[in-house]
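One-based numbering, in listed order, for ligands and for the atoms of each. Predicted model only: the values in this text are computed from it and were never measured.
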Amino acid sequence: MSWHPRQLAQQIGRSFVITGANSGIGLEAARDLVARGGDVILAVRDTRKGEQARGTLTGQGTSSVLELDLADLDSVAAFAKTVLAERTGLSALVCNAGVMGGPFLLTAQGFERQMATNHLGHAALVSALWPLLHAAGGRVVMVSSIAARGGRLSAGTTRQDLVEPAPYDGRLVYQNTKQANLLFAQELARRAGRAGSPVSAVAAHPGVSATNLFPRLVQELGQPRLVGASRVAMNLFLQSAQAGALPTLRALDHATPSGAFVGPARFGQVRGRPELLDVYPTGKDPAAAARLWELTEDILGYPLPV
Ligand SMILES: NC(=O)c1ccc[n+]([C@@H]2O[C@H](COP(=O)([O-])OP(=O)(O)OC[C@H]3O[C@@H](n4cnc5c(N)ncnc54)[C@H](OP(=O)(O)O)[C@@H]3O)[C@@H](O)[C@H]2O)c1
């Protein structure tokens with residue numbers, strides 16, 4: 001059934017954390033929520049960029065900027081500590097930040113950068129903010145991608161596949177991280193439902209949208225002179241970041257049930273209005289999801305909340 005942003009209620013009195021909210025889809029989601037009266041924490045790795053982005057938000061809501069580097073679990077812990085000290089509840093955590101491709105890099109804790117940022121850091125954040133989500137009957141939104149269709153995570157995935165994949169194929173690792181986002185949302189929804197938890201989980205994907213994701217990839221692939229051209233091409237052919245944020249906003253709508261997957265359905269799911277989609281086969285396998293959950297707990301060194 002077709003959905004329009006006007007169906008999303010006013011957000012007065014509701015609080016949100018959006019990771020990677022200084023740019024692209026996260027910024028557009030923050031813009032909409034603040035315009036509707038929501039209170040949004042922009043969780044960003046560069047607070048200067050965060051403040052610049054915050055300066056563009058208008059409306060009856062409020063916003064603040066807080067440093068969060070998802071590629072560093074110490075930063076995730078410090079971020080959560082501040083939020084836990086300041087708040088008594090959280091209506092929703094939008095796990096939106098992401099990196100795509102680029103060279104093989106290790107994080108502060110020695111984990112492959114894309115998996116650390118896109119999946120492990122978010123899993124740690126969900127875990128740390130769980131008490132606030134639980135208190136408010138909150139929602140976790142995981143921003144996945146059509147790239148999840150190419151992921152190869154399975155019940156046989158090893159710890160090394162996640163933290164030090166070899167041989168390194170940056171594209172496949174990105175696909176795996178986005179599959180991980182989808183599997184994680186599904187598993188979280190199942191576990192929370194079984195445990196009678198008030199927390200819900202929904203996955204979304206933005207189609208293909210004009211954001212900083214692609215120019216950054218071009219830059220990281222050592223082609224700085226092509227960055228400008230990539231932006232021009234992107235703005236000509238891709239849907240806007242604002243359109244790309246609509247699946248995230250529909251995922252935040254109370255009418256969207258826990259366990260749902262939201263994204264555009266047109267042109268191979270590349271663009272269009274946000275629809276409730278069938279979860280991709282790669283995101284559906286409960287054995288793969290359970291294995292990812294178990295490995296994530298092993299890598300983080302503590303049990304996830306449900
Ligand atoms: N655009 C698309 O077509 C598309 C398609 C499918 C899925 N997605 C997903 O959509 C999400 C948002 O991406 P986008 O397209 O809006 O790209 P974007 O404009 O590049 O935004 C990505 C955001 O993630 C932040 N980020 C990166 N590494 C981080 C870290 N270690 N800690 C905290 N924040 C970090 C970036 O911060 P900086 O600005 O400081 O780098 C930026 O705010 C990603 O998860 C991406 O995989 C996008």
Requested in this report: Using the test side-chain hydrogen bond (donor to acceptor under 3.5 Å, both in side chains), find all partners of Gln52 that sit at least two apart in sequence or belong to another chain.
Outcome: none
Report summary line: CZ of Arg45 to CD of Glu67, rounded to nearest 0.5 Å, is 11.0 Å
Query raised in the report: Near ligand 1, which protein residues have a heavy atom under 4.0 Å away?
Result: Gly20, Asn22, Ser23, Gly24, Ile25, Arg45, Lys49, Leu68, Asp69, Leu70, Ala71, Asn96, Ala97, Gly98, Val99, Thr117, Val143, Ser144, Ser145, Tyr174, Lys178, Pro206, Gly207, Val208, Ser209, Thr211, Asn212, Leu213, Phe214, Arg216
Requested in this report: Looking only at non-hydrogen atoms, find the nearest pair between Cys95 and Val126 and report the distance.
Outcome: SG-CG2, 4.0 Å
Report task. Return the set of residues passing ring pair (Phe, Tyr, Trp, His ring centres under 6.0 Å) with Phe79 (not counting sequence neighbours), or none when no residue passes. Result -> none
Query raised in the report: Do any N or O atoms from the side chain of Gln179 and from the backbone of Thr282 form a donor-acceptor pair under 3.5 angstrom?
Result: yes
**Report entry** Those residues that, when tested against Thr177, pass side-chain hydrogen bond (donor to acceptor under 3.5 Å, both in side chains) (two or more places apart)
**Finding:** Asn118
